[in-house]
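Written below as structure tokens is the structure these notes are about.
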Amino acid sequence: MKPIALTTPLFYVNGLPHIGSAYPTIAADALARFYRLMGHPTLFVTGTDEHGQKIQRTAEQNNLPPQEHCDRIVTEFHHLWNLLDIQFDRFIRTSDPRHTAITREFFQRVYAKGDIYLDRQQGWYCVACEEFKEERDLLADQHCPTHPNLACEWRDEANYFFRLSRYQEAIAAFHDQHPNFIQPEPRRNEVLKFIDQGLRDFSISRINLTWGIPLPIDPQHTLYVWFDALLGYLTALLDPQAEPTLTNALGHWYPFHVHIIGKDILRFHAVYWVAMLLSADLPLPSRVFGHGLLTRDGIKMGKTLGNVIDPFDLVTRYGADAVRYYFLKEIEFGKDGDFSEDRFVAILNADLANTFGNLLNRTLGMAGKYCQQRVPIPHATALDPTLQPLQTLGSSLGDRTQQHYQNLNFRAACDTILDLIRDCNKMVDETTPWKRFKAGQQEEVDAILYTLLESVRLAAYLLSPIIPNLSREIYRQLGLDFQQSTWQHHQWGTLAPNTVLLSPSPIFQRLDPPSP
RNA sequence: GGCAGCAUAGCUCAGCCGGUUAGAGCGACGGUCUCAUAAUCCGUAGGUCCCCAGUUCAAGUCUGGGUGCUGCUACCA
């Protein structure tokens, strides 16, 4: 099976992890879990980007060495990922010494290509943004528009530049030949138009900044963001004990199957990153997916507004599966979305407690009473015209769901699976097994319950990348061990008759509406 | 300013190549069953499918214009 390597962004450690970090990480984890489900060797890469003046100054403000500041923040990332059941395979930190080796080697390749040169950069520099600003964009007294309370500093300094302009045509040609590289599709046009404008070289170093990776050719300079952070993806591919060389890094998992990122940094992945790899003569990733941004109750989140979503708080109160399900099911990945606690509670109760959880519960209850707590035999009966559609739906569910996962359309995946569950609930009411049991129609009851149990099992299996804990618990109640499942489980008929079932126990308790 | 996209039931959205009474989920209201987590199931929601004009036997679905909203417009991890 084809190896799959995928990434989240490497998150900047200028503060505690927030929902903007958790969101793509949840999605990436779900995708990675799905590929593992299918049996692909899968490498899920995440990590942190730790260099730069902003970090250095933040650390100074806290009277900490930068490395220690980063260590502390990274601990919080690990904590959050643990709470959210994020099963990453690699957590790369750009302060990792191996990363220095990789960036140096990569830099040398690009330098040898003649794509790096020294030039002068002058202008107003916002330390908070860590970037030069155009004069016309500034507010009064050279204050930065994004940081109105901060005055920009005048800088006149030497920077090394990367010859992005040289790759104008190559990048355009690449995107022309790979129309699915940028996803979702609407974002593609933005990038293409940006390229058409004409690409300008960008600076890749800062001078007099100690918290960073020195340039091999000029230690006075340290690498600036893109030639540092993006290369973290490559460093992450190194096996733990391997010598940090590009050859070792790129041997097994490269190239990446997908980079999952926020739409705000799409351009850097679809243009800069592509050009950098072209310059280094390395293969390009298969695609870059730019997800949408989140609002809170319809309002943009911000520290100043004090309306940020605290992922620690959320996952502590509701649990990992609930949080994962809401963000993946209720918000279309790739579009902007909204978080509202009212909706959060409503969706979880409706989908996980009432529709899904309750179906398992009522079905197990009936199996206990009517089938000696065992999986019954799916007899052929007069009810076949009623049950057949569900089996047909279930038989194709794996394939249909797979398409949605691979397109990172988690919402559609959930909807497709829930459709089966909803149909099952209808079928129960239509066939009234309790009446048939009293009437002595045992074979019909068996057929009904087998269809229900198998539907629940199948739904749990296919939903497991999103709600891993609930799926495992459903499997357990069905008398199966999720750990031992294989991709064969996407097929209808996996549940073996006579399997001993457990007594029903709600897998997801209804949530109380949030108090105002 | 320029370019692009979007505008469908209270909410979130489906509606492919134009074609009978415009759909789903959620929420709300009413009812039902009783296997079940006061869950389920059924019914109701009378929606100018943003507005105007046009093409067509026929437009939510195509064309033009208008209004509104959003995104992109270079160094924002």
Side-chain angles (χ1 to χ4, degrees), chain A residues 9-14 47-52 54-55 94 121 126 128-134 144-147 159 161-162 164 185-204 224-226 228-230 232 261-269 271-272 292-293 298 329-332 335-338 340 342-343 346-347 349-370 411-412 414-415 418-419 422 424-437 445 448-449 452 504-510:
Chain A
L10 302 190
F11 303 107
Y12 206 42
V13 292
N14 56 347
T48 45
D49 177 17
E50 309 187 358
H51 290 132
K54 222 187 302 187
I55 298 300
T94 56
Q121 172 124 294
C126 174
C129 296
E130 289 198 53
E131 64 190 49
F132 285 93
K133 297 290 180 181
E134 299 287 336
C144 165
T146 2
H147 301 89
N159 280 177
F161 284 76
F162 171 69
L164 181 65
E185 206 274 335
R187 298 250 156 252
R188 178 176 151 79
N189 294 329
E190 297 176 2
V191 175
L192 295 186
K193 195 161 57 62
F194 174 79
I195 296 169
D196 285 344
Q197 282 182 343
L199 298 177
R200 304 206 294 257
D201 300 345
F202 63 92
S203 75
I204 61 165
Y224 176 67
V225 55
W226 305 114
D228 180 352
L230 292 174
I261 52 164
K263 66 181 186 183
D264 51 333
I265 55 170
L266 176 60
R267 183 201 312 146
F268 304 110
H269 286 74
V271 180
Y272 288 27
L293 270 29
K329 152 73 198 315
E330 193 52 19
I331 296 166
E332 186 167 336
K335 288 187 181 173
D336 290 348
D338 185 55
S340 110
D342 287 334
R343 191 155 188 88
I347 288 296
N349 281 344
D351 289 359
L352 297 186
N354 299 349
T355 301
F356 193 29
N358 185 51
L359 178 65
L360 171 70
N361 211 44
R362 64 196 306 209
T363 302
L364 278 180
M366 289 188 281
K369 290 172 188 171
Y370 312 148
R411 166 181 245 184
C414 290
D415 270 333
L418 273 206
D419 279 343
R422 280 190 267 268
C424 283
N425 275 319
K426 285 192 217 302
M427 185 270 274
V428 175
D429 283 55
E430 284 168 6
T431 57
T432 57
W434 49 93
K435 288 183 184 170
R436 292 176 187 276
F437 178 72
V445 171
I448 292 167
L449 287 178
L452 294 174
S505 166
I507 54 158
F508 188 87
Q509 289 290 352
R510 286 176 60 81

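In what follows, every heavy atom counts, from backbone to side chain, and hydrogens, waters and symmetry copies are set aside. Chain A is the first sequence line, chain B the second, and so forth, proteins listed ahead of strands; every chain is numbered from 1.
For A/W226, counting side-chain heavy atoms from C-beta on, the closest listed nucleotide (B/C75, B/A39, B/C26) is B/C75. Comparing B/G71, B/C75, B/C33 by their nearest atom to the side chain of A/W434 picks out B/C33. Of the candidate nucleotides B/C35, B/C11, B/U40, B/C11 has the atom lying nearest to any side-chain atom of A/R343. Candidate nucleotides B/A36, B/G2, B/U12 were compared by shortest atom distance to the side chain of A/E330, and B/U12 ranks first. Distance from the side chain of A/A350 is smallest for B/G27 among the nucleotides B/G27, B/C13, B/C72. Nearest nucleotide to the side chain of A/P506, out of B/U37, B/C35, B/G71: B/U37. In the set B/C35, B/G2, B/A74, B/A74 carries the atom at the smallest distance from any side-chain atom of A/L164. Taking only side-chain atoms of A/K193, from C-beta outward, the nucleotide of B/C72, B/U37, B/C75 with the closest atom is B/C72. With B/A74, B/U37, B/G2 as the candidates, the nucleotide lying closest to the side chain of A/R510 is B/U37.
Within the nucleic acid shown, A/L199 comes within 4.0 Å of at least one base atom, counting heavy atoms only. Among the heavy atoms of the strands, none lies under 4.0 Å from A/E185. Here A/A353 lies in heavy-atom contact (under 4.0 Å) with a base. Counting any heavy atom pair closer than 4.0 Å across all strands shown, A/L360 reaches no nucleic acid atom. Backbone-only contact: A/K426 has heavy atoms under 4.0 Å from sugar-phosphate atoms and none from a base. Counting non-hydrogen atoms under 4.0 angstrom, A/K335 reaches the backbone sugars and phosphates but no base. Note on A/I347: nothing from the nucleic acid sits closer than 4.0 angstrom, heavy atoms only. At the heavy-atom level, A/F437 lies nowhere under 4.0 Å from the strands shown. Across all strands shown, A/N425 has heavy atoms under 4.0 Å from sugar-phosphate atoms exclusively, and none from any base.
Take the nearest nucleotide of RNA chain B for A/R411 and for A/V225: the residue whose nucleotide is more 5' is A/R411. Residue whose closest nucleotide on RNA chain B sits further toward the 5' end, between A/Y12 and A/Q509: A/Q509.
For B/C75, neither phosphate oxygen OP1 nor OP2 lies less than 4.0 angstrom from any side-chain nitrogen or oxygen of A/R200.
Between A/E50 and A/V13, the shortest heavy-atom distance links the atoms CA-CG2, 3.8 Å. Closest of all the heavy-atom pairs between A/D336 and A/L293 is OD1-N, 2.8 Å.
Between B/C33 and B/A38, the distance separating the two C1' atoms is 14 Å to the nearest Å. One P atom belongs to B/A4, the other to B/G66, and the distance between them is 14 Å to the nearest Å. Comparing B/U70 with B/A28, their P atoms sit 30 Å apart, to the nearest whole Å. Taking the C1' atoms as reference points, B/A53 lies 26 Å from B/C17, given to the whole Å. For the C1' atoms, the distance linking B/C69 with B/U32 amounts to 44 Å, nearest Å. Rounded to a whole angstrom, the distance from the C1' atom of B/A45 to that of B/G31 is 16 Å. Here, B/A22 and B/C13 have their C1' atoms 14 Å apart, quoted to the whole Å. Nucleotides B/C62 and B/G18, compared at atom P, are 8 Å apart to the nearest Å.
In the interface, the side chain of A/E430 is not paired with the base of B/C33 through any donor and acceptor atom under 3.5 Å apart. Taking only distance into account, the side chain of A/N354 never meets the base of B/A39 through a donor-acceptor pair shorter than 3.5 Å.
Side chain of A/Y12 to backbone of A/H51: a donor-acceptor contact under 3.5 angstrom is found.
The aromatic ring of A/F202 is not stacked on the base of B/C75, since the criterion of ring centres less than 5.5 Å apart with planes inclined by under 30° is not met.
Across the strands present, B/G60 finds no partner; the criterion is a Watson-Crick or G-U wobble pair with both atom distances under 3.5 angstrom. Remark: B/C50 base-pairs with B/G66; criterion is Watson-Crick or G-U wobble with both hydrogen-bond distances under 3.5 Å. The partner of B/C29 is B/G43, judged by Watson-Crick or G-U wobble contacts that both fall below 3.5 Å. Using N1 to N3 plus N6-O4 or O6-N4 for Watson-Crick, or N1-O2 and O6-N3 for G-U wobble, each under 3.5 Å, B/U12 pairs with B/A24. The pairing partner recorded for B/C3 is B/G71, the criterion being a Watson-Crick or G-U wobble arrangement whose two distances lie under 3.5 angstrom.
Atom-to-atom, CG of A/D336 to C1' of B/C13 comes out at 15 Å; the value is rounded to the nearest Å. Here the P atom of nucleotide B/G5 and the CZ atom of A/R188 are 14 Å apart, to the nearest Å. Remark: C1' of B/U34 and CZ of A/R362 are 9 Å apart, rounded to the nearest angstrom. Note: CG (A/N361) to C1' (B/U37) measures 6 Å, nearest angstrom. Atom CG in A/D429 sits roughly 9 Å away from atom C1' in B/U34 (whole-Å rounding).
Note: A/W226 and A/H269 have perpendicular aromatic rings, judged against thresholds of 30 and 60 degrees for the angle between ring planes.
Residues A/Y272 and A/F202 place their aromatic rings such that the two centres sit under 6.0 Å apart.
Counting heavy atoms from C-beta on, the side chains of A/W434 and A/V445 never come closer than 4.5 Å. By the 4.5 Å heavy-atom criterion applied to side chains, A/V428 and A/I448 are not counted as neighbours. Taking 4.5 Å as the limit, every side-chain heavy atom of A/I331 sits out of range of all side-chain heavy atoms of A/R411.
With salt bridges taken as basic N to acidic carboxylate O contacts below 4.0 Å, none links A/D338 and A/R343.
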